[in-house]
**Student:** 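First the structure, which I've put down as structure tokens, then a few questions once you've had a look.
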Number of protein chains: 2
Amino acid sequence: MNRTGSTKERILGAAETLFAQRGFDGASLRQLTSAAGVNLAAVNYHFGSKEKLVEQVFRRRLDALNAQRLAALAKVAGQPGTRLEDVLDAFIRPALELSHEDGGSLFMRVLARAFAEHDDGLRKFLSENYGHVMRQFTAEFGRLLPRLSKEELYWRIDLVTGALTHAMSGFGIIQRKSDVSERAHREQTAQHLIRFAAAGLNAT
Amino acid sequence: MNRTGSTKERILGAAETLFAQRGFDGASLRQLTSAAGVNLAAVNYHFGSKEKLVEQVFRRRLDALNAQRLAALAKVAGQPGTRLEDVLDAFIRPALELSHEDGGSLFMRVLARAFAEHDDGLRKFLSENYGHVMRQFTAEFGRLLPRLSKEELYWRIDLVTGALTHAMSGFGIIQRKSDVSERAHREQTAQHLIRFAAAGLNAT
DNA sequence: CGTATGCTCAAACGATCGTTTGAATCCCTC
DNA sequence: GAGGGATTCAAACGATCGTTTGAGCATACG
């Protein structure tokens, strides 16, 4: 039972863990509040409903994640010397760094679940709040791959998305021993992902 | 409400659809039996429990799918002129053909869900019953990519798996108008997937 | 000190869950 | 057409779900 932080933060932390492990339906508010060490009614008091809690779990991480992604993209987008690998780095690295924050790796798993669930409400929420991020990256990929038709470009970005989501949802669960090897591990992972994605996007 | 076929088949069909749409937890036996046009108790009578029903939903499709995959692999594995694309074709084409069977495209979505759920029981079931298929494909990929280390090979196969699962779970939902354009669409899709995956596996 | 205000608490709400029961019905065999 | 195993049925089981309630507690301000 977690006893650090405010009630809201404890609920969000426990929700992230349990949603990752058992899914949005599978994790009950009783398991959740029990793990957070708060009263059952606290969820509805602080968040209004379970569905709103799910949205806040996403918001807490995605606001920061996508701000970092857009900031990293802005540094390379439109520049003359920019390579495909630089844009992919702007997309991937913030997510990998998040995976090594406290609970961050579990959040990537929650995100992977949200992709697999074809729930309309959740997709609409994610699209409305964070769709512009994917749109900006798509535009830059298109600029760097002018020989691809629009259809082909969308296909490949979708495939890259699937590969990265799948890979990152399983990444970072096993904790490294020291901070040095953790950074090395993250760097190695980033290289694996970027090399694969760049080659796939660049396929003849 | 479906009224064709035996009770068992109607349950399996409705289960596939509802599991794809609402997940294993989200789809209740009452919704399921109501959609199948059978009595609520029929699930426990014919399958024993909801969990056993889930396993049978997988078994019904995966037995045929993986047999086709292994048969296609056997035709090219170890041959002198075999290319990466041939092995990927053996893996992808049977799944795409399944997607155009009745309800098949929904099954790919169920499979994508099973990947996202990190449920231990389900993973154990899939690994025990169908792990040998991935092992054979991995061996052949390793043969065709001798310059990759074991670690790199596993990374890339994992990324390919994620990309294909993600892409195929959204494929085939929209029905094509005539059989000719459906076959053309499938062929085009196969080419997209194979080109991307081959380039990714082959990355420097 | 009195009283708002924000929060926590145990308890209960009705709804829905997977499963079980025992009787009714179907269908094949003798 | 009588007997019997296979199947279907309505009904109920206890458990658990998300949510609501109203009393109780804390802290801060006049």
Side-chain angles (χ1 to χ4, degrees), chain A residues 1-60 110 113-114 117 119-122 124-125, chain B residues 1-60 110 113-114 117 119-122 124-125:
Chain A
M1 183 183 351
N2 184 11
R3 290 223 168 272
T4 66
S6 71
T7 297
K8 269 181 124 169
E9 282 166 359
R10 290 211 302 241
I11 291 173
L12 285 169
E16 189 169 64
T17 303
L18 284 169
F19 287 161
Q21 290 172 347
R22 316 188 194 210
F24 305 113
D25 284 329
S28 75
L29 291 185
R30 282 170 179 81
Q31 298 169 343
L32 202 155
T33 51
S34 173
V38 305
N39 187 271
L40 168 61
V43 171
N44 285 278
Y45 178 79
H46 286 284
F47 297 94
S49 67
K50 188 182 184 181
E51 194 181 347
K52 296 249 187 76
L53 168 62
V54 172
E55 292 187 1
Q56 288 304 314
V57 168
F58 282 101
R59 230 185 251 292
R60 180 171 70 138
V110 176
R113 258 184 204 278
E117 317 245 0
D119 179 89
D120 285 338
L122 198 52
K124 192 181 165 198
F125 168 80
Chain B
M1 175 174 16
N2 184 12
R3 292 223 166 274
T4 65
S6 69
T7 297
K8 271 181 123 168
E9 284 166 358
R10 289 211 303 243
I11 291 173
L12 285 169
E16 191 169 63
T17 302
L18 284 169
F19 287 160
Q21 290 173 348
R22 317 187 193 212
F24 305 115
D25 285 330
S28 75
L29 293 185
R30 283 172 178 80
Q31 298 169 342
L32 202 156
T33 51
S34 173
V38 304
N39 187 271
L40 168 63
V43 170
N44 285 279
Y45 178 79
H46 285 285
F47 297 95
S49 68
K50 188 182 183 181
E51 193 181 346
K52 297 253 187 75
L53 168 61
V54 171
E55 292 187 2
Q56 289 302 315
V57 167
F58 281 101
R59 230 187 250 291
R60 181 171 70 139
V110 176
R113 261 185 200 277
E117 317 245 359
D119 179 272
D120 284 340
L122 198 53
K124 192 182 165 196
F125 169 80

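Numbered from 1 within each chain, the chains take letters A, B, ... in sequence-line order.
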**Student:** Can you figure out which of dC17(C), dT19(D), dC7(C) approaches the side chain of K50(A) most closely?
**Tutor:**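 Closest nucleotide among those given: dT19(D).
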**Student:** Looking only at the side chain of L29(B) (C-beta and beyond, no hydrogens), which of the listed nucleotides dC17(C), dT19(D), dT19(C) gets closest?
**Tutor:** dT19(C)
**Student:** Counting only side-chain heavy atoms from C-beta out, which of dT19(C), dA12(C), dT8(D) sits nearest to Y45(B)?
**Tutor:** dT8(D)
**Student:** At under 4.0 Å, does any side-chain N or O of H46(B) touch on OP1 or OP2 of dT8(D)?
**Tutor:**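 Affirmative; the distance criterion is met.
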**Student:** Separation of L32(A) atom CG from dC17(D) atom P, in whole Å?
**Tutor:** 11 Å
**Student:** To the nearest Å, give me how far apart CG (L40(B)) and P (dC17(C)) are.
**Tutor:** 10 Å
**Student:** Let me know the distance between CG of D25(A) and C1' of dG18(C), rounded to the nearest Å.
**Tutor:** 15 Å
**Student:** Within the structure, does a side-chain N or O atom of S49(B) lie under 4.0 Å from either OP1 or OP2 of dG18(C)?
**Tutor:**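 It does not, given that no N or O in the side chain of S49(B) lies less than 4.0 Å from OP1 or OP2 of dG18(C).
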**Student:** Please determine if a side-chain N or O atom of S28(B) lies less than 4.0 Å away from the OP1 or OP2 oxygen of dC17(C).
**Tutor:** yes
**Student:** Would you say T7(A) places a side-chain N or O within less than 4.0 Å of OP1 or OP2 belonging to dC7(C)?
**Tutor:** no
**Student:** Is it the case that more than 12 heavy atoms not belonging to E51(B) sit under 6.0 Å from its CD atom?
**Tutor:** no
**Student:** Which nucleotide wins on minimum distance to the side chain of N44(B), given the candidates dT7(D), dA12(C), dT19(C)?
**Tutor:** dT19(C)
**Student:** For each nucleotide in nucleotides 21-28 of chain C, reading 5' to 3', give B when a protein heavy atom comes within less than 4.0 Å of its base, S when such contact involves only the sugar-phosphate, and - otherwise.
**Tutor:** B-------
**Student:** Could you tell me whether the side chain of F125(B) reaches within less than 4.5 Å of the side chain of V54(B), counting heavy atoms only?
**Tutor:**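 No - every pair of side-chain heavy atoms lies 4.5 Å or more apart.
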**Student:** In terms of side-chain heavy atoms of N39(A), which of dT19(C), dC9(C), dG18(D) is nearest?
**Tutor:**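 Looking only at heavy atoms from C-beta outward on N39(A), the closest nucleotide is dC9(C).
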